[in-house]
Amino acid sequence: NTSVAYLMGEEEKEKAPSSEVRLGSFTEIPVLDISMAASCGAGNGLYGIEGKYTDTICMPVESFACIDQEKKPFGIHIDGDSMEGAGLADGSIAVINPAEDVINGDIALVSYNDSWFIKWVVWTPSGVELRSANPNYTTVNIDTEYTKDPSWFRIIGKVVEIVKKSKPKRAF
């Protein structure tokens, strides 16, 4: 039973049979209140809103390439369907790690023109494109001059994990 192994103290773990499943280290991730949902759509107008953490989830430390104590990972609710084709379903929680580098083609939480988006980030010679997985949404093109101004555009963090928060549906 894996939950028993997780709850055992270090001394007890050492005495456990070798067939016992042992779990790695976990870290607690705060989740922003649902009123701070990131748009997987056309934007959400979150400029100037102070976020409150109302829930937490536990994640294996191995889920993160790095953890910076100054820029800790956090969760944010997903609102919209523009990234469903990439596995980010409406109502899920995206785990964001501000300490991880976002490279060309990664999914990230970005702030642009007073709204927060979760999109694929693609650098181009003329700036940045925010691309959706759903073909019903157009690509947002951001000129280089705006990408250099953090009051217009900034990458908040890389999406490193998706947590489904829905319950199974009943047959009847």
Checklist entry - Rounded to the nearest 0.5 Å, how far does CD1 of I162 lie from CD1 of I93? => result 10.0 Å

Checklist outcome for this item: Interatomic distance, OG@S132 vs NZ@K119, rounded to 0.5 Å, equals 2.5 Å

Item to check | CA sep, side-chain torsions, deciding dist, call: T147, W152, side-chain contact (heavy atoms from CB on, under 4.5 Å) | outcome: CA-CA 7 Å; T147 65; W152 272 97; over 6 Å; no

Next on the checklist: How long is the straight-line distance from CH2 of W116 back to CD1 of I118, given to the nearest 0.5 Å?
Outcome noted: 10.0 Å

Checklist outcome for this item: Smallest heavy-atom separation, A86 atom then I107 atom, equals CB-CD1, 3.9 Å

Item to check | Results of side chain to side chain contact (heavy atoms under 4.5 Å, CB included) for D90 - residues two or more places apart only | outcome: D79, E84

Checklist entry - So, do V95 and I57 sit near enough that their side-chain heavy atoms are less than 4.5 Å apart? => result yes

Next on the checklist: Show the nearest heavy-atom pair for residues P30 and P73, with the distance to one decimal.
Outcome noted: CD-O, 3.6 Å

Item to check | Over all atoms of both residues, closest heavy-atom pair of A99 and D68 | outcome: CB-CB, 3.6 Å

Checklist entry - Any sub-3.5 Å donor-acceptor pair from T144's side-chain atoms to G127's backbone N or O? => result yes

Checklist entry - Rounded to the nearest 0.5 Å, what separation is found between the NZ atom of K148 and the CD1 atom of I142? => result 14.0 Å

Checklist entry - Looking only at atom types and distance, does a side-chain atom of N97 sit under 3.5 Å from a main-chain N or O of F64, one as donor and one as acceptor? => result no

Next on the checklist: Within the 4.5 Å heavy-atom criterion, are V128 and V121 side-chain neighbours or not?
Outcome noted: yes

Next on the checklist: Within the 4.5 Å heavy-atom criterion, are F117 and I156 side-chain neighbours or not?
Outcome noted: no

Next on the checklist: Before you tell me yes or no, could you show the steps for I78 and M83 under side-chain contact (heavy atoms from CB on, under 4.5 Å), namely the whole-Å CA-CA distance, both residues' side-chain angles and the distance that decides it to 0.1 Å?
Outcome noted: CA-CA 9 Å; I78 295 172; M83 293 302 288; over 6 Å; no

Checklist entry - Partners of N134 by side-chain hydrogen bond (donor to acceptor under 3.5 Å, both in side chains), sequence neighbours excluded? => result N136

Next on the checklist: Any heavy-atom pair between the side chains of L130 and V122 that's under 4.5 Å?
Outcome noted: no

Next on the checklist: Testing the basics here: between A65 and E100, what is the closest heavy-atom pair and its distance to 0.1 Å?
Outcome noted: N-OE2, 3.0 Å

Item to check | Exercise: identify the closest heavy-atom pair between P98 and F74 | outcome: CG-CE2, 3.9 Å

Checklist entry - Have N113 and Y146 got a donor and an acceptor in their side chains that come within less than 3.5 Å? => result no

Item to check | Gap separating the NZ atom of K71 from the CD1 atom of I96, nearest 0.5 angstrom | outcome: 14.0 Å

Next on the checklist: Please determine whether side-chain contact (heavy atoms from CB on, under 4.5 Å) holds for the pair V31 and T56, giving the CA-CA distance in whole Å, both sets of side-chain angles, and the decisive distance to 0.1 Å.
Outcome noted: CA-CA 5 Å; V31 178; T56 59; 5.7 Å; no

Item to check | Minimal non-hydrogen separation, V160 against S63, with atom names | outcome: CB-O, 4.2 Å

Checklist entry - Got a sec, which residues hit ring-ring contact (aromatic ring centres under 6.0 Å, His included) with W123, two or more places apart in sequence or on another chain? => result none

Next on the checklist: Test of understanding: with side-chain hydrogen bond (donor to acceptor under 3.5 Å, both in side chains), list the residues that count as partners of S126, not counting sequence neighbours.
Outcome noted: T124

Checklist entry - Taking S115 for the side chain and Y112 for the main chain, is one N or O donor matched with an acceptor at less than 3.5 Å? => result no

Checklist outcome for this item: Residue pairs meeting salt bridge (charged side-chain N to carboxylate O under 4.0 Å, His left out), one or both in residues 101-112, sequence neighbours left out, come to D106-K158

Checklist entry - Is a side-chain N or O of E161 found less than 3.5 angstrom from the main chain of A94, in a donor-acceptor match? => result no

Item to check | Qualifying salt bridge (charged side-chain N to carboxylate O under 4.0 Å, His left out) pairs, either residue in residues 131-146, two or more places apart | outcome: E129-R131

Checklist entry - Which value, rounded to the nearest 0.5 Å, describes the distance between I29 atom CD1 and D55 atom CG? => result 12.0 Å

